[in-house]
There are 2 protein chains.
Amino acid sequence: MSLQHALLGVLEARPMSGYDLVRFFDGSTGWIWAAPQSQIYPMLRRMEQAGLIAGDEEARGPRLTRTVYSVTEKGHRELAVWLGTAHDAAPPRDPFMVQALNFDTIPAEEAMKVLDAFIAEQEKAAAEAEAHRDRLLRKETALLRERLTRRDPAEHDRIARLKAHVFDGIAAVARVRVEWAREGQRLLGE
Amino acid sequence: MSLQHALLGVLEARPMSGYDLVRFFDGSTGWIWAAPQSQIYPMLRRMEQAGLIAGDEEARGPRLTRTVYSVTEKGHRELAVWLGTAHDAAPPRDPFMVQALNFDTIPAEEAMKVLDAFIAEQEKAAAEAEAHRDRLLRKETALLRERLTRRDPAEHDRIARLKAHVFDGIAAVARVRVEWAREGQRLLGE
DNA sequence: AGTGTCATGTAATTTGTTACATGATTGA
DNA sequence: TCAATCATGTAACAAATTACATGACACT
């Protein structure tokens, strides 16, 4: 369900091709939701059939075309309803926590190394989220700028601050996890 | 992959039947990993075929039996290797973050209500994790006690503290999310 | 006799992962 | 002409969700 809404969310900023969306949800850019190419193309066709988005064929050279999808009125309503509804939390499923819960059964040095890797990863995630938050506050990201062209200028600051706040939260959680992991290393050393 | 290791982790504390494991990974108890019954029974058979666990048929009345699974030497090694290896982080996939990222597109009062529900849920999660942490520190949980019977008494305190620390981390993250959501409500009101 | 818990499964579907496959266009 | 990027797909598989299904046993 959520991939659908994540796609609607970015297509509301700007109509995009499947290829654009693949890059957006792949790897580094997709900090909020990740999805491989093999999931995106079929989903776009399903969403078009359901009338949530409309595809527009654009010529890119004599033989190559791309299909640019935009959100329909129906898609817009569907997204608005989903956004305004409180959903049950996703069931917890974090492989790293399964690991941490069993650190007492392996040698302390091994657990230390796994925690080192975890700390490095979380610190990187925090730094990236903070950098993105700052870019959003300065309205420097391409997608936010395009989004703002469709919105009342009086609201631009508020919108940027709300978007930035999401990445602020991601960073805050990552920082807490780093502190937690450091405390875990202290406990392992005992 | 992780369900397998989560199952091995709890079976190392104590041999259990499929039914026991279903209750453990279902709903309230499964704070770390959740899995429905329809996933657990087939997985147990797959793991038995792979030689990671061994099933022992126990009579429970004249016609009813249960199969109690315990971790084999091979399963123990498999778990130890997995625990000692740093794995890539799971791709981010949090439906709530998709929601939060688009709060600027719906009326502020609606977003407020969704955040209210989120705050209530995270506060509950934090309280439960803290309560469980405290029970672990006092060695009051049945599973920890059984686990400790197989371990060196000199290590009991360290093991309890390491397990408790995992739930401490879960609680800390939930508390940060609550603070983040409150700040989000302040931003929405602007 | 009936409710609740113990105990174990299957079937259908959706979602996500990994890998393979093809061709056009752009710019060095 | 070669590499990088643009552009779109398929196939096979693994993981997870929802729903259905059955029967034994314990207690009241």
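Here the structure is a predicted model, which means the values were calculated and not measured.
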Examine C/dT14: is either OP1 or OP2 under 4.0 Å from a nitrogen or oxygen in the side chain of A/Arg46? Give yes or no.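 It does not, given that no N or O in the side chain of A/Arg46 lies less than 4.0 Å from OP1 or OP2 of C/dT14.
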
Think A/Arg63 has a side-chain N or O under 4.0 angstrom from the OP1 or OP2 of C/dT22? no

What I'd like to find out is whether the side chain of [X] reaches to under 4.5 Å of the side chain of [Y], using heavy atoms alone.
{"X": "B/Thr105", "Y": "A/Arg151", "result": "yes"}
{"X": "B/Arg133", "Y": "B/Ile170", "result": "no"}
{"X": "B/Met47", "Y": "B/Leu8", "result": "yes"}

Where along residues 35-44 of chain B does a heavy atom fall under 4.0 Å from DNA chain C?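 Correct list: B/Gln37, B/Ser38, B/Tyr41.
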
Under a criterion of less than 4.0 angstrom to any heavy atom of chain B, what are the 5'-terminal and 3'-terminal contacting nucleotides of DNA chain D?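 That gives a stretch of D/dA15 to D/dC25.
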
Quiz question: by atom type and distance under 3.5 Å, do the side chains of B/Glu78 and B/His5 form a donor-acceptor pair? yes

Checking one residue: B/Ile119. Which other hydrophobic residues are in its cluster under the side-chain 4.5 Å linking rule?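 B/Val178, all in the cluster of B/Ile119.
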
Hey, what bend do you get for the helix from C/dA1-D/dT28 to C/dA28-D/dT1 if you fit axes on five pairs at each end, rounded to 10°? 20°

Shorter than 3.5 Å, N or O on both sides, protein versus nucleotides 26-28 of chain C: list them out with atom names.
none

Output all residues satisfying ring-ring contact (aromatic ring centres under 6.0 Å, His included) with A/Tyr69, sequence neighbours left out; order by chain, then residue number. none

Verify the cluster assignment for B/Val98 and A/Val22: are they in a single hydrophobic cluster under the rule of side-chain heavy atoms below 4.5 Å apart?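 They do share one cluster, since a chain of ILVMFWY contacts under 4.5 Å joins B/Val98 to A/Val22.
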
Quick one: does A/Glu48's side chain have a donor or acceptor within less than 3.5 Å of a partner on A/Gly55's backbone?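 Confirmed, A/Glu48 side chain pairs with A/Gly55 backbone.
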
Using atom [atom1] of [X] as one end and atom [atom2] of [N] as the other, report the distance to the nearest whole Å.
{"X": "B/Met1", "N": "C/dG16", "atom1": "CE", "atom2": "P", "result": "18 Å"}
{"X": "A/Gln4", "N": "C/dG16", "atom1": "CD", "atom2": "P", "result": "11 Å"}
{"X": "B/Leu3", "N": "C/dG16", "atom1": "CG", "atom2": "C1'", "result": "16 Å"}
{"X": "B/Arg45", "N": "C/dA7", "atom1": "CZ", "atom2": "P", "result": "17 Å"}

Assert: residue with more 5' nearest nucleotide on DNA chain C, out of B/Tyr69 and B/Arg93, is B/Tyr69

Atom pair CG (B/Leu44) and CD (B/Gln4), whose distance is rounded to the nearest 0.5 Å: 10.5 Å

Are any of the side-chain nitrogens in A/Glu179 or A/Arg182 under 4.0 Å away from the carboxylate oxygens of its partner?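 Yes, this pair counts.
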
